[in-house]
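Worksheet: the structure to be examined is printed underneath.
Both backbone and side-chain heavy atoms feed into the values below; hydrogens, waters and symmetry mates do not. Atoms within a ligand are numbered from 1 in the order they appear, just like the ligands themselves.
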Amino acid sequence: MNYRTLFRTLVAGTLAFALCGAALAQETVKIGMILPLTGPFASTGRQVEANAKLYMAQHGATVAGKKIELIVKDDAGVPDNTKRIAQELLVNDKVAFLAGFGLTPLALATAPLATEAKVPMVVMAAATSVITERSPYIVRTGFTLPQVTVGIADWAAKNGIKKVVTLVSDFGPGIDAEAAFKVRFTAAGGQVVEEVRVPLRNPDFAPFLQRVRDAKPDAVFVFVPSGVGAIFMKQFTERGLDKSGIRLIGTGDVTDDDILNDMGDVALGVVTSFHYSAAHNSAVNKAYVSDYKKANPTMRPNFMGVGGYDGMQLIYKALEATKGSTNGDALIAAMKGMAWESPRGPVTIDPQTRETIQNVYIRKVERTGGELYNVEFETIPAVKDPTKVAK
Ligand code: PHB
């Protein structure tokens, strides 16, 4: 080899090395997050987005040597939008993850695309049980309605409540809650005397609350989606149900931390079962709430937000486990069985169902430090979705 050839080889080698290094440094993993940021369910979108950004601010935007880019899109809560946006994110942006999903119909509309593209779809908010069965690429970091309903059914039966009317929003999660409550409460010796379903969009609760009143139950079990609890509570008071002797119980969606403070005294004493309260007493939660409030001074984190925070946490942990590989099958395999301490308490991704196994707490609304909170007073550890346990 003469000097000239040696020189050329060295230059070529150096150049190739430099180009390769630049390509590595530029490699970006994109997360396509689709949320209702406008429309009646915008509070869910705001919570999940704020939490995803908080997680990234706390943990940096690099994982396993890859740069993380979060792309947030608004579907306004309309399933056709969600599906179209997901398609664009997959084809044009080549996202490695789909994430978000503020309502059940939005998650269901997108599930076939995740399967087709073999891309993990992290459902952070929507909570109808069936969602994870619609694609092997779906993992859920929120909760399911049956999972959080059985706790209050048991509590009611043990606390002198014998006759209940259920009142739910008429769509997937409401129907799940209605069924799970009835099965569990009846098995414990209680009686569901009437099942009332209220339209999801623009609900007027007045005629339905009148039916509750007329049935004279010991309690009304309520599921309304996040953001709707304040309207429900207002009409509950206006119809005089707060003074009727009928107790209000439910899943924690109705006493959502995001809007609980605006509800006033009518919410005091309402008992619910749920997986997250901003008042959860742990060091992890206290640090989380404090960081969240610093970043979002006018907001309080709610359960939707925590689903978003842990969803980002799961994505980061999965990428670490695959050493930055974005192969969908490898990422899903890494997510199965993953466990960590969330602001809500310990969580595990069930390797069989890809659902979050988590504590469910019985809570009562109390005023502490001038603010209304869901104060946890009983813990049911490591709860799975009861409709999936027997399968
Ligand atoms: C859902 O659409 O799955 C959903 C929405 C709001 C909730 C719970 C579930 O609070």
Consider ligand 1: state whether an atom of it lies below 4.0 angstrom from any non-hydrogen atom of Phe41. no
Lys/Arg cation over aromatic Tyr361: Arg344, 6.0 Å, 45° cone: no
Ionic contact status for Glu133 with Lys388, cut-off 4.0 Å: yes
Which ligand 1 atoms, with their elements, are less than 4.0 angstrom from a heavy-atom of Phe303? 10 (O)
Residue-level breakdown please: for Pro173 versus ligand 1, do any non-hydrogen atoms fall below 4.0 Å on the side chain, on the backbone, on both, or on neither? side chain
Contacting atoms of ligand 1, where contact means under 4.0 angstrom from a heavy atom of Ser226: 6 (C), 7 (C), 10 (O)
Hey, do the aromatic rings of Phe303 and Phe143 have their centres closer than 6.0 Å? yes
For Asp253, the ligand 1 atoms with a heavy-atom partner under 4.0 Å come out as 7 (C), 8 (C), 10 (O)
In plain terms, say whether Glu49 and Lys53 are close enough for a salt bridge, that is, a side-chain N and a carboxylate O under 4.0 Å apart. yes
Can you confirm if the aromatic rings of Tyr55 and Tyr316 lie within a centre distance of less than 6.0 Å? yes
Between Phe101 and ligand 1, which residue portion shows a heavy-atom distance shorter than 4.0 Å: side chain, backbone, both, or neither? neither
Taking only heavy atoms of Leu103 into account, list the atoms of ligand 1 that are under 4.0 Å away from them. 1 (C), 2 (O), 5 (C)
Could Arg300 and Glu371 be called an ion pair, given the rule that one side-chain N must be under 4.0 Å from one carboxylate O? yes
Checking a contact table here: which protein heavy atom is nearest atom 2 (O) of ligand 1, and how many Å away? Thr104 N, 2.7 Å
